[in-house]
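Read through the structure below, which is laid out as structure tokens, and then see the notes.
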Amino acid sequence: MNNIVERLTSLDYAIVVTYLIILIVIGYRASFGKKKKTGESLFLANKSLDWPSIGFNMWGTNVGPSMLLAFASIGYSTGIVAVNFDWYAFVFLLLLAMVFAPRYLLANVTTMPEFMGNRYGDSTRNILAWYALIKILISWLSLGLFAGGFLVRQILGIPMWESVIVLVLFAGLFAFAGGLKAIAKVNVFQMILLICVSLTLTVMGVSKVGGLSKVFSSVPGHYWNLIRPASDPKYPWYAILFGYPVAAVAFFCTDQAMVQSVLGARNLEQGQLGVNFIGWLKILSLPLFILTGILCFILFPHLKDPAEAYMTMVTNLFPPGMNGLVIVVLIAVLVGTIGSSLNSLSTVFTMDVYAKKINPNATNEQIIKVGRMTVIGGCLFAIMMALAIDSIKGLNLFDVFQSVLGFIAPPLSVVFLLTVFWQRTTRKAVNVILSIGSAFSLGVGVLYLWVFTPDKYHFWPHYLLLSFFIFLFLLIAAIIISLLDPSPVVMDKDAHATHDLPKPTKRVWRAWILLIITMVVLYVIFNGH
């Protein structure tokens, strides 16, 4: 398990060095090309991204090291049910492409707080900016870096502090020098590499088991069911159906790290096609990540810890000379997630706090300088937090991470959905939900995770369902506050008239209809057992 380093050959070292050189060349060319740097080039890639870059970059932000571990682990212990967390996402990606993206691009904004501030004023922008900064620092950077350091420590056997410093410096380099454009270019290369290496591992696993029909017949029938009965303790159908959308709207439609690629689109069509492309890429979660865990269950049925499934497959199936590729892929998923997170942190702080509040007359050079200083600050904070998390004993952090997102999401989902779909929503309602509503949602999360834990107190619903109930409560509260507000400050209907929104092109509609049909067919196929 931990002996990859001992098995490395000179070919492995050559692969790693070649990869690093290619990565640095791509990053350098994107960072120091012909055009002079501007704030927009650092944060939004000069609005030059085309659909493959957007799709790969969003996917690279999404596929973190914890996903590699967690998906293989869940595949090992329960089968394909976890693929719902990627396949069901197409509904919310469609919402981003067709409802949110046209409004974001028409408003010509750089950040999500700026978009909400345009509608409800500076007080809303301030609350959302600090909310976004804390969310990026904790949920993206610190936990993402910890998961990466955990994995690197597992493979290379070096201390956690060395792992996280090397990782964050490498990822930070691209965010510091080239911003979104460098990260997007690097992520296209890295995600193609991830697909090739993971697919090779899957093909070798299927071959070792004895073919696909043997794979299907070697595990219990329920392993191939996407939809589980209501009695299932871990993933009942109703928890996924109602609970997952709350986190998905917040994650795909309002999260700066995910949406930033779309904001950097060359035009709306490229943005909508890029979001469609990540929907297709998410189909690959089954063959690339979940199936690896199922194959491990067949080949190595007595693992002490299912979290070791991915690395067990790698160390047992890849011959000498290919282990270098594994190290390369793990660096790739880490740099993708951490680099995108650092760029989002830098964008929100610079545009929503520094340029808006601290120095409204900042020059372009000052904005770029502060953006880069924020990247350095984010790196230092993430290293300290990752080391602090590592000192906590006895917590399964991957499970905690999933449920924490379920408690962060409800306030964001409520305010963004109401802003887009109900023009009567008032500033007061939005600010109350973002401040008091967030405190309530996170407070319930603390009670659930640490005070009245569900293993001892059985009155709790499933954490996904709990997230849905909080969402419903906050949604009703926001509607009541809006209706009862004696002096409502509502959205300016003329400034953001829906009839001004550009319509999707035929090419966009064709791509989305094809994806929707494909997803429906997949759900029918994988629930016929």
Side-chain angles (χ1 to χ4, degrees), residues 92 95 100 111-140 239 242-259 348 352-353 400-452 460-491:
F92 309 99
L95 190 67
F100 285 95
T111 68
M112 297 295 94
E114 183 185 356
F115 173 76
M116 295 296 273
N118 286 353
R119 282 156 162 70
Y120 300 113
D122 285 353
S123 58
T124 303
R125 182 172 181 171
N126 291 341
I127 296 169
L128 200 55
W130 287 106
Y131 192 95
L133 288 171
I134 292 164
K135 184 168 176 269
I136 294 167
L137 279 169
I138 293 172
S139 70
W140 280 104
F242 295 112
Y244 175 73
V246 178
V249 169
F251 186 73
F252 294 113
C253 303
T254 80
D255 191 288
Q256 183 73 27
M258 290 301 288
V259 174
V348 172
D352 291 313
V353 179
V400 171
F401 187 31
Q402 291 305 314
S403 42
V404 163
L405 290 178
F407 296 114
I408 290 174
L412 284 172
S413 296
V414 167
V415 297
F416 274 85
L417 286 173
L418 282 177
T419 296
V420 165
F421 289 110
W422 193 43
Q423 290 188 329
R424 180 67 176 74
T425 311
T426 67
R427 178 198 295 168
K428 189 180 201 176
V430 169
N431 289 358
V432 166
I433 296 304
L434 283 175
S435 51
I436 299 169
S438 298
F440 169 74
S441 185
L442 293 171
V444 173
V446 169
L447 292 175
Y448 176 88
L449 289 167
W450 287 289
V451 184
F452 303 112
W460 290 108
H462 190 282
Y463 73 85
L464 284 170
L465 210 54
L466 184 58
S467 178
F468 175 68
F469 290 147
I470 294 169
F471 168 81
L472 271 186
F473 174 73
L474 295 180
L475 181 68
I476 293 164
I479 292 169
I480 291 169
I481 293 166
S482 290
L483 292 174
L484 296 180
D485 195 344
S487 51
V489 179
V490 296
M491 190 171 86

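Start at 1 with the first residue, then count along the sequence.
Within the 3.5 Å criterion, the main-chain N or O of M112 finds a donor-acceptor partner in the side chain of Q256. Formation of a donor-acceptor pair under 3.5 Å by the R125 side chain with backbone atoms of M116 is not found in this model.
Between T254 and F416, the shortest heavy-atom distance links the atoms CG2-CG, 3.3 Å. Nearest heavy-atom pair across R424 and L483 is NH2-O, 3.9 Å. Closest non-hydrogen pair, A409 versus A247, comes out as CB-CA, 3.6 Å. Considering all non-hydrogen atoms of both residues, V430 and V415 come closest at O-CG1, 3.9 Å. For the pair A478 and V414, the tightest heavy-atom approach, listed with the atom from each and the gap, is CB-CG1, 4.1 Å.
No side-chain N or O of S435 forms a donor-acceptor pair with one of Y131 less than 3.5 Å apart.
Of the inter-residue distances, the one linking I127 atom CD1 with Y120 atom OH reads 12.5 Å to the nearest 0.5 angstrom. Rounding to the nearest 0.5 angstrom, the gap separating the CG atom in N431 from the CG atom in N126 is 9.5 Å. A distance of 7.0 Å separates CG in L418 from OG in S482, rounded to the nearest 0.5 Å. Rounded to the nearest 0.5 Å, atoms OG1 (T111) and CG (D352) are 3.0 Å apart. With values rounded to the nearest 0.5 angstrom, S467 atom OG is found 10.5 Å from I408 atom CD1. Summarising the geometry, atom CD1 belonging to I433 is positioned 12.0 Å from atom OG1 belonging to T124; distances are rounded to the nearest 0.5 Å.
For W130, the CH2 atom counts as loosely surrounded, since its 6.0 Å shell holds 12 or fewer non-hydrogen atoms of other residues, nucleotides or ligands.
At least one side-chain heavy atom of K135 sits less than 4.5 Å from a side-chain heavy atom of L412. Side-chain atoms of L417 and L95, non-hydrogen and from C-beta on, do get closer than 4.5 Å to each other. V353 has its side chain out of reach of V348: every pair of non-hydrogen atoms, C-beta onward, lies at least 4.5 Å apart. Residues W422 and I479 form a side-chain contact, since some pair of their non-hydrogen atoms from C-beta on lies under 4.5 Å apart. The closest side-chain heavy-atom distance from V259 to F252 is not below 4.5 Å.
Between F92 and F251, the ring center distance fails the sub-6.0 Å criterion. Between F452 and W460, the ring center distance fails the sub-6.0 Å criterion.
Below 30°, between 30° and 60°, or above 60°: for F100 and F421 the angle between ring planes is above 60°, a perpendicular geometry.
Just one of Y244, F242, Y463 meets the ring-ring contact (aromatic ring centres under 6.0 Å, His included) condition when paired with F468; it is F242.
In this view, I480 and I476, L484 satisfy the side chain to side chain contact (heavy atoms under 4.5 Å, CB included) rule, not counting sequence neighbours.
Of the charged side-chain nitrogens involved, none lies within less than 4.0 Å of a carboxylate oxygen, so that R427 and D485 do not count as a salt-bridged pair.
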Exercise for the section: Might you work through the side-chain contact (heavy atoms from CB on, under 4.5 Å) test for F407 and L466, ending with a clear yes or no? Expected result: CA-CA 9 Å; F407 296 114; L466 184 58; 3.6 Å; yes
